Amino acid sequence: MSNTRFNALKADAHWQQVWDDAKTFAARDDSPKPKSYVLEMFPYPSGRIHMGHVRNYTMGDVLARYRRMKGMEVLHPMGWDAFGMPAENAAMEKGVHPGGWTRDNIATMKAQLKRLGFALDWTRELATCEPDYYGHEQALFLKFYEHGLVYRKESAVNWDPVDMTVLANEQVIDGRGWRSGALVEKRKLSQWFLKITAFADDLLSGVKALEHWPDKVRLMQENWIGKSQGLTFRFALSASVGGADTVEVFTTRPDTIFGASFVAVAADHPIAQAIAANSPEAAAFIERCKQGGTTAAELETQEKLGFDTGITANHPFDPAWQLPVYIANFVLMDYGVGAVYGVPAHDQRDFEFARKYGLPIRRVVSDGAKDAPEFHEDEAYSGPGTVVNSHFLDGMDIEDAKREVIRRAEDGGWGEGATVYRLRDWGVSRQRYWGTPIPIIHCAACGVVPVPADQLPVVLPEDVSFATPGNPLDKHPTWKHVACPTCGGEALRETDTLDTFADSSWYFIRFASQPKDKPFDKAVAESWLPVGQYIGGVEHAILHLLYARFWTRALNHIGMIDVSEPFTGLFTQGMVTHETYKSADGRWLAPDDVRDGIEIATGAAVTLGRVEKMSKSKKNTVDPTGIVDQYGADAVRWFMLSDSPPERDLPWSEAGIEGAWRFVQRLWRLFEGAGAGEGADTALDRKLHQTIAGVAADIEALSFNKAVAKIYELANAIEKAAPSASRDNAIRNVMLLVAPMVPHLAEEAWAAAGGTGLIADAAWPAVDAALLVEDEVTIAIQVNGKLRDTLVLPKGQSKEAIEAAALASDKVIRILEGKTPKKVIVVPDRLVNLVA
RNA sequence: GCGGACGUGGCGGAAUCGGUAGACGCUGGAGACUUAAAAUCUUCUGCCAUUGGCGUGCGGGUUCGAGUCCCGCCGUCCGCACCA
């Protein structure tokens with residue numbers, strides 16, 4: 001071979017064409033090989049891919065290619081999460097059609113992804129905005145409806161006044177819309193809900209068992225589901241309010257029932273509403289509660305406020321004991337039953353409330369030191385202890401007391417043990433055009449009528465106008481007018497569309513099996529699922545993953561698939577970050593505008609800001625396509641895998657990509673340097689086999705940065721080694737080791753070296769276990785725990801021999817000054833510690 | 001406030017079981033090659049210093065031995081948030 005430079009642009013295009021033509025990465029359903037499903041979260045077609053996509057898909061690609069080399073049939077598909085608001089925003093701002101905008105973006109981004117040489121099965125590409133996807137989703141929605149997992153209710157919803165749509169609770173962050181950032185209002189609308197709460201307990205126990213998920217994500221899911229166990233019971237009221245003689249409350253601390261000082265209901269509780277109907281003061285108070293801010297800072301400082309209704313509640317264990325009933329601003333209607341009883345000594349909010357309104361504060365749990373009923377501490381005590389001042393509960397541990405109170409409530413028929421979840425049912429109705437139409441028809445005579453299966457898909461009309469705010473489907477002249485499938489009379493289509501999280505809740509099943517006539521084939525889908533390794537951003541740790549887990553369970557529940565957890569392995573990768581730059585007058589500057597700390601346009605010095613996630617607002621983005629054109633796909637891929645552990649942030653740098661490019665060239669020179677060497681080099685053989693085993697383990701653990709470091713070490717060792725047959729063999733094996741990471745270079749080298757077929761189809765090199773073990777070891781010699789010398793000895797020496805060798809060391813002799821060590825610790829093949 | 005993660009050279013990081021801290025890369029220095037530059041190659045690069053000493057956020061502890069284990073702080077980041 002001659003000494004040439006690796007022409008990345010030429011090689012990239014050539015091998016991408018070869019893989020495409022041969023359909024190298026098309027997954028075969030009928031393959032006899034063990035199957036493996038590797039999936040990265042599919043992108044929203046926003047316009048162009050960004051570095052985050054490149055990092056995400058490179059990681060999955062390395063794993064997919066590695067598993068193919070290990071002899072597995074790998075499903076590694078790609079598609080488009082193509083419905084959503086940005087398309088409508090583009091329509092409104094630029095006057096383009098959401099469909100055209102989306103499909104153009106898909107074409108652009110697909111070309112960008114192809115340019116990176118990902119081992120994707122493009123034959124299974126799907127876009128959620130096409131009827132051949134969302135039509136099947138409509139069919140699934142109707143199946144859920146048939147099985148009672150979908151219901152409609154009039155409910156107060158979170159209305160985003162900017163996006164003019166309803167948001168799920170999960171999409172409201174600190175009282176603001178998750179996309180628009182606008183303050184969310186409450187509105188009453190008829191909405192479709194999916195019964196995710198029916199699976200709350202199952203989703204919770206399931207997540208605990210997902211051992212290949214990050215602990216962090218498991219915990220986030222657990223907290224989101226938020227299971228609490230306690231007691232619901234009814235207080236008898238001194239007067240009937242709105243037809244009710246009792247008020248129901250929920251507590252997780254029934255053990256503190258004798259410490260109760262008051263009862264409090266939420267501002268929108270029916271009792272509060274009934275009182276407000278006759279009391280302007282109460283109505284004014286409720287209005288005031290609603291105005292309270294919901295941001296973190298505001299909640300932190302907000303005063304506990306109450307309105308004394310004048311009504312009292314009877315303590316269940318003492319008919320003579322009357323507790324005042326308040327309307328309180330800190331009680332939430334949508335958690336538990338919207339009413340509580342307050343125990344000021346043992347709950348901080350109740351404590352603050354009691355102080356403000358001069359209510360009794362009575363100790364009923366002893367922390368071991370104090371047990372008098374008088375409570376003079378500065379904050380509530382909510383820790384463990386023994387129940388005191390509580391009649392029949394006295395002396396019990398709080399856990400026993402909880403059980404005792406629940407038992408007595410159930411026996412007395414005035415309460416029952418209860419489990420309450422923070423999780424709410426999933427409201428899926430959106431007043432939006434660019435989404436999956438909800439396949440329902442409303443008939444004045446027949447009511448709610450599902451669209452018959454033979455009329456699916458309900459296709460979105462193309463001719464819509466975005467001239468005025470609101471849902472274009474609602475304003476379309478003809479689309480919603482339809483004959484009732486049951487009675488044939490005039491009826492109206494549902495004009496709401498599904499939350500786009502529905503689209504991403506089952507796409508991984510459709511990837512596995514995509515028949516024309518149904519959402520998926522059960523047997524084929526089951527042959528691929530669950531996804532063994534799912535990779536994506538931590539921003540989807542709660543919503544998307546929870547909804548997909550629910551959707552899969554729902555399908556399981558109705559017998560459509562025998563899988564309940566869709567993703568057995570999950571990995572959340574870090575972000576790609578970049579330095580930020582600000583000009584002297586405070587403008588953000590793009591990396592291209594800056595050279596050597598100087599703004600190119602003005603010649604003025606720039607301020608170096610923090611390293612942050614690439615974002616348009618900070619102008620610190622680097623477009624992948626330009627970089628790929630400059631350095632080739634392999635250099636970009638190699639940089640994405642180098643240095644930073646994949647779960648942490650990766651700081652993009654010019655120096656970093658150049659280093660990666662240099663290594664790609666260095667590998668090429670290394671590959672060219674293979675010759676007709678003769679003889680064995682056992683040390684190099686060992687290094688090679690250790691590297692093969694180490695890189696394999698690292699890739700399996702997704703520790704790409706470690707795999708990269710090991711490959712550097714091996715390359716260093718080969719370059720230093722004298723020519724030998726071992727060296728030539730090592731070089732050939734390096735091609736295989738780097739093939740998942742820099743596949744174009746590997747194919748080029750493989751072909752030049754006369755390799756058989758494609759390296760993409762080659763087998764991962766076998767490891768000779770005998771060569772993993774060194775025959776010599778370096779032993780550390782410590783005196784009093786400090787390193788003083790090292791010795792190279794044959795592996796497996798006896799303790800006595802190692803000790804003797806250590807004591808013979810010149811340095812040791814000098815430090816010991818003739819004294820005999822009091823104690824000698826020998827760790828075979830590792831170290832000797834002489835304690836003087 | 002609650003929960004969690006993290007803290008190692010100028011930088012990204014490695015150290016898988018408590019056993020040689022700083023692998024590997026980046027940056028930087030010196031040299032070779034070149035008319036010159038780039039590329040490439042060689043070599044050095046934790047800190048202080050003269051033998052030697054000090055070093056994994058800080059302070060303690062356990063141990064022959066601690067980046068790793070325990071206790072107490074400090075800092076950074078993330079999630080949730082009046083959840084009864």
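Just so we're on the same page: letters track the sequence lines, and every chain starts at 1. A quick note: this is a predicted structure, and the numbers were derived from the prediction, not measured. These values consider heavy atoms only, across backbone and side chains, with no hydrogens, waters or symmetry-generated copies.
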S.K.: Does B/C41 have a Watson-Crick or wobble partner in any strand here, with both distances under 3.5 angstrom, and which is it?
M.R.: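 Answer to the pairing question: B/G31, which forms a Watson-Crick or G-U pair with B/C41.
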S.K.: Grab the CG-P distance between A/N223 and B/G3 for me, whole Å please.
M.R.: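 Interatomic distance, CG of A/N223 to P of B/G3: 10 Å.
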S.K.: Applying a 3.5 Å limit to both distances, which nucleotide forms a Watson-Crick or G-U wobble pair with B/G1?
M.R.: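 Its partner is B/C80 (Watson-Crick or G-U wobble, both distances under 3.5 Å).
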S.K.: Does the salt bridge (charged side-chain N to carboxylate O under 4.0 Å, His left out) test come out yes or no for A/E399 and A/K402, once each step is laid out?
M.R.: CA-CA 5 Å; A/E399 296 306 321; A/K402 285 176 189 173; 3.3 Å; yes
S.K.: Quantified in whole Å, what is the C1' atom distance between nucleotide B/A38 and nucleotide B/G57?
M.R.: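 B/A38 and B/G57 have their C1' atoms separated by 43 Å.
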S.K.: To the side chain of A/R662, which of B/U27, B/C82, B/C78 is closest?
M.R.: B/U27
S.K.: Roughly how far apart, to the nearest Å, are B/A49 and B/G55 at atom C1'?
M.R.: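 The answer is 14 Å between these two C1' atoms.
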S.K.: Using the C1' atom on both, measure B/U20 against B/C71 and round to a whole Å.
M.R.: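 The answer is 29 Å between these two C1' atoms.
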S.K.: Report the distance from atom CG of A/D643 to atom C1' of B/G9, rounded to the nearest whole Å.
M.R.: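 Rounding to the nearest Å, CG of A/D643 and C1' of B/G9 are 15 Å apart.
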S.K.: With a 3.5 Å cut-off and just heavy-atom distances, do the side chain of A/K304 and the base of B/C82 make a donor-acceptor pair?
M.R.: yes
S.K.: Would one find a side-chain N or O of A/R5 under 4.0 angstrom from OP1 or OP2 of B/A38?
M.R.: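 Answer is no, no contact under 4.0 Å.
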S.K.: Now, which nucleotide makes the Watson-Crick or G-U wobble pair with B/C6, with each of the two distances under 3.5 Å?
M.R.: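 Pairing partner, where one exists within any strand: B/G75.
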S.K.: Check this one for me: any side-chain N or O of A/N784 less than 4.0 Å away from OP1 or OP2 of B/C64?
M.R.: no
S.K.: Apply the syn/anti split at 90° from 0 to B/C17 and say which one it is.
M.R.: syn
S.K.: Quick one: is A/S228 getting a side-chain N or O under 4.0 Å of the B/A84 phosphate, OP1 or OP2?
M.R.: yes
S.K.: Give me the distance, rounded to whole Å, that separates B/C24 from B/U8 when you measure between the C1' atoms they each carry.
M.R.: 15 Å
S.K.: In sequence, state the C-alpha distance, the side-chain angles, and the governing distance for A/D698 and A/K710, and then conclude on salt bridge (charged side-chain N to carboxylate O under 4.0 Å, His left out).
M.R.: CA-CA 9 Å; A/D698 288 338; A/K710 288 187 175 80; 2.6 Å; yes
S.K.: How would you label the contact of A/D347 with the nucleic acid (heavy atoms, under 4.0 Å): base, sugar-phosphate, or nothing?
M.R.: nothing
S.K.: One thing to verify: whether A/E222 and A/K208 come together as a salt bridge, which I'm taking to mean a side-chain N less than 4.0 angstrom from a carboxylate O.
M.R.: yes
S.K.: Is it true that the side chains of A/N620 and A/T580 contain a donor and an acceptor less than 3.5 Å apart?
M.R.: no
S.K.: B/U40 C1' sits how many Å from A/F663 CZ, rounded?
M.R.: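 That distance rounds to 15 Å.
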S.K.: Indicate, with a heavy-atom threshold strictly under 4.0 Å, whether A/R218 touches base, sugar-phosphate, or nothing.
M.R.: nothing
S.K.: For A/R814 and for A/V835, find the nucleotide of RNA chain B with the closest heavy atom, then tell me which residue's nucleotide is more 5'.
M.R.: A/R814
S.K.: Can you see whether A/W668 has A/R5 sitting over its ring - NZ or CZ less than 6.0 Å from the centre and within 45° of the normal?
M.R.: no
S.K.: Looking only at side-chain atoms of A/R666, point me to the closest of B/A81, B/G25, B/U40.
M.R.: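 Of all the options, the side chain of A/R666 is nearest to B/G25.
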S.K.: Should A/R422 be listed as having a side-chain N or O under 4.0 Å from OP1 or OP2 of B/C2?
M.R.: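 No.
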S.K.: Mind calculating the distance between CD (A/E579) and C1' (B/C26) to the nearest angstrom?
M.R.: 13 Å
S.K.: In this structure, how many angstroms lie between the C1' atom of B/C82 and the NE2 atom of A/H346, rounded?
M.R.: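 To the nearest whole Å, that distance equals 20 Å.
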S.K.: Within this structure, what is the CZ-to-P distance between A/R648 and B/U76, rounded to whole angstrom?
M.R.: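 Rounded to whole Å, this separation is 18 Å.
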S.K.: Does B/G25 have OP1 or OP2 under 4.0 Å away from a side-chain N or O of A/Y712?
M.R.: no
S.K.: Write down the distance between CZ (A/F639) and P (B/G25), rounded to a whole number of angstrom.
M.R.: 15 Å
S.K.: We want to know whether A/Y341 and A/D350 form a side-chain donor-acceptor pair, criterion being a heavy-atom distance below 3.5 angstrom.
M.R.: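 A/Y341 vs A/D350: no donor-acceptor pair found between side chains.
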S.K.: Heavy-atom nearest nucleotide on RNA chain B for A/K710 versus A/S653: which residue maps closer to 5'?
M.R.: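 This one resolves to A/K710.
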S.K.: Distance only, no hydrogens: is a donor on one side chain within 3.5 Å (strictly under) of an acceptor on the other, for A/D649 and A/T577?
M.R.: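 Per modelled atom types, A/D649 and A/T577 side chains form no pair under 3.5 Å.
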S.K.: What nucleic acid atoms does A/E658 come within less than 4.0 Å of, heavy atoms only: base, sugar-phosphate, or nothing?
M.R.: nothing
S.K.: In whole angstrom, give me the gap between the P atoms of B/G7 and B/U16.
M.R.: 14 Å
S.K.: Answer with base, sugar-phosphate or nothing: what part of the nucleic acid does A/L332 contact at a heavy-atom distance below 4.0 Å?
M.R.: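 The residue A/L332 makes base contact.
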S.K.: State whether A/R830 places a side-chain N or O below 4.0 Å from either non-bridging phosphate oxygen (OP1 or OP2) of B/G18.
M.R.: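 No.
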S.K.: Contact class for A/V824 (heavy atom, under 4.0 Å): base, sugar-phosphate, or nothing?
M.R.: nothing
S.K.: Would you kindly say whether A/S228 and A/Y335 are connected by a side-chain donor-acceptor distance under 3.5 Å?
M.R.: yes
S.K.: What form does the base of B/G22 take, syn (within 90° of 0) or anti?
M.R.: anti
S.K.: Take atom C1' in B/A21 and the same atom in B/G65, then report the distance between them in whole Å.
M.R.: 14 Å
S.K.: For a quick test of reading the model: is some side-chain N or O of A/K706 closer than 4.0 Å to OP1 or OP2 of B/A15?
M.R.: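 Yes, such a contact exists.
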S.K.: Send over the distance from A/M220 CE to B/A81 P, rounded to a whole Å.
M.R.: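 Those two atoms, CE and P, are 11 Å apart.
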S.K.: Taking only the side-chain nitrogens and oxygens of A/K823, find out if one of them lies under 4.0 Å from OP1 or OP2 of B/C64.
M.R.: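 So the side chain of A/K823 is within the cut-off, an N or O lying under 4.0 Å from OP1 or OP2 of B/C64.
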